[in-house]
Number of protein chains: 2
Amino acid sequence: MGSISFEIHDHSVCTDKTMQEVDAYCETHKLQFTPIRRKVLTIMLEEHRAWGAYEILDRLRSEGQSAQPPVAYRALEFLVKHRFAHKIERLNAFIACTHPGQHHAPAFLICRSCEKVAEAHTEPSSGELGAAAEAIGFHIERTVIEAVGLCATCRDATTQ
Amino acid sequence: MGSISFEIHDHSVCTDKTMQEVDAYCETHKLQFTPIRRKVLTIMLEEHRAWGAYEILDRLRSEGQSAQPPVAYRALEFLVKHRFAHKIERLNAFIACTHPGQHHAPAFLICRSCEKVAEAHTEPSSGELGAAAEAIGFHIERTVIEAVGLCATCRDATTQ
DNA sequence: CCAGGCAACGTTATATCATTACATGGAGCG
DNA sequence: CGCTCCATGTAATGATATAACGTTGCCTGG
Ligand SMILES: [Zn+2]
Ligand SMILES: [Zn+2]
Ligand SMILES: [Zn+2]
Ligand SMILES: [Zn+2]
């Protein structure tokens, strides 16, 4: 559960833990966690929110990295493919995964006010969507589950 | 439930029923169901699939309608706003609603082979997403629930 | 050593999706 | 009529994403 995303917390723990897990996963699976890929993930780990590809690109540039669009998109493709990051379809943007390497079906809670995003997990075959699919023999391969709304903090702020 | 989307059926019934319901809804709610809006919905009703804005635009042009991008996007904005159509975020494309006017939270089953799309309904507050939201006091305003996979017909075709 | 294969990266150009901004026109109304 | 409102026409631009092709660096079989 990603409730931590909306709360004040020691975020360096999130960052360090993720990088360690990704490092270990790449070691185990013989994946090349190259400097560019590492840099992109590091940028995305700065905050629990979704990052546009061109926003990442700007960051790469500002850090001296040569950066045409494919540079960012290729790094993101790698990160998404191996589940170190996810694409938020609603936002056309990308977010670092909070459970890197684990094969999972993520669901997201997106606060439209503070823009923070929490990652939860689902069991695609269960629930209403799974039931609807089963009823008609539809085979689910990938799910997009995203909720937009207000986090507790932002809701409290607006109702006062 | 939208299982009918993947089956052979008398599709003129879908089209006629939808147009009647939209007509009635607009009458009741004093909405202007203008020729362009009607034309766009008619195009989308041709098939149970998602249509790109520029695809609709091309169709409008081929039918003699002047058509710059805002023409299509404005009609789509109207249709989506009043729940006569939905946007499929995964595809950056739009689909005619099968329950026009009813206030509902749609979910979609998208066949990656035949590209047909079925619309099901969910109760956002229920299920895993609703539980995750409730657990952290997140207030859901809108949900994006989409599944990509293979419909029964396409799956049967590939396993033979 | 060195040729060949391969994966990542550099770079240009282009494709695809969406919006801003401003002008025009017609319906309703005092 | 003069006004407002809403829909539409149109040009320009912005935002997101990919195609295509060349280069580099590493590994490996010969
Ligand atoms: Zn954190
Ligand atoms: Zn918030
Ligand atoms: Zn039909
Ligand atoms: Zn199919």
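A, B, ... follow the sequence lines: proteins, then strands. Residue 1 opens every chain.
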Contact check, side chains of [X] and [Y], non-hydrogen atoms, under 4.5 Å:
X	Y	result
A:Glu115	A:Glu47	no
A:Phe108	A:His86	yes
A:Arg38	A:Asp23	yes
B:Cys97	B:His104	yes
B:Cys111	B:Phe6	yes
A:Lys87	A:Asn92	yes
A:Tyr25	A:Val22	no

Quiz: residues 67-79 of chain B side-chain donor-acceptor pairs under 3.5 angstrom, not counting sequence neighbours:
none

What parts of residues 79-96 of chain A reach DNA chain C, counting only heavy atoms under 4.0 Å away?
none
Specify the residues of residues 28-39 of chain A, ordered by number, for which at least one heavy atom lies under 4.0 angstrom from an atom of DNA chain C.
A:Gln32, A:Thr34, A:Ile36, A:Arg37
Aromatic rings A:His11 and A:His9: how do their planes relate, parallel, tilted or perpendicular, breaks at 30° and 60°?
perpendicular
Just to be sure I understand the geometry, which residues of residues 58-74 of chain B put a non-hydrogen atom under 4.0 Å away from DNA chain D?
B:Gln65, B:Ser66, B:Gln68, B:Pro70, B:Val71, B:Arg74
Is the distance from the ring center of B:His121 to that of B:His99 below 6.0 Å?
yes
Any donor-acceptor pair under 3.5 Å joining the side chain of B:Tyr54 to the base of C:dA18?
yes
Please find the pair of heavy atoms, one from [X] and one from [Y], that lie closest to each other, and give the distance.
X	Y	value
A:Glu119	A:Ala96	OE1-O, 4.2 Å
B:Phe84	B:Leu41	O-CD1, 3.9 Å
B:Cys151	A:Phe138	CA-CD1, 3.7 Å

At 10 degrees resolution, what angle do the end axes of the helix from C:dC1-D:dG30 to C:dG30-D:dC1 form when each is taken over five base pairs?
10°
Consider side-chain contact (heavy atoms from CB on, under 4.5 Å). Of A:Ile88, A:Val117, A:Ile110, which one does A:Val148 pass it with?
A:Ile110
Go through A:Glu55 and A:Arg59 one step at a time and tell me if the salt bridge (charged side-chain N to carboxylate O under 4.0 Å, His left out) criterion holds.
CA-CA 6 Å; A:Glu55 189 180 8; A:Arg59 285 292 310 274; over 6 Å; no
Contact interval (first through last nucleotide) of DNA chain D with protein chain B, 4.0 Å heavy-atom:
D:dC6 to D:dA11
For the pair made of CG in A:Leu57 and P in C:dC9, what is the distance, rounded to whole Å?
14 Å
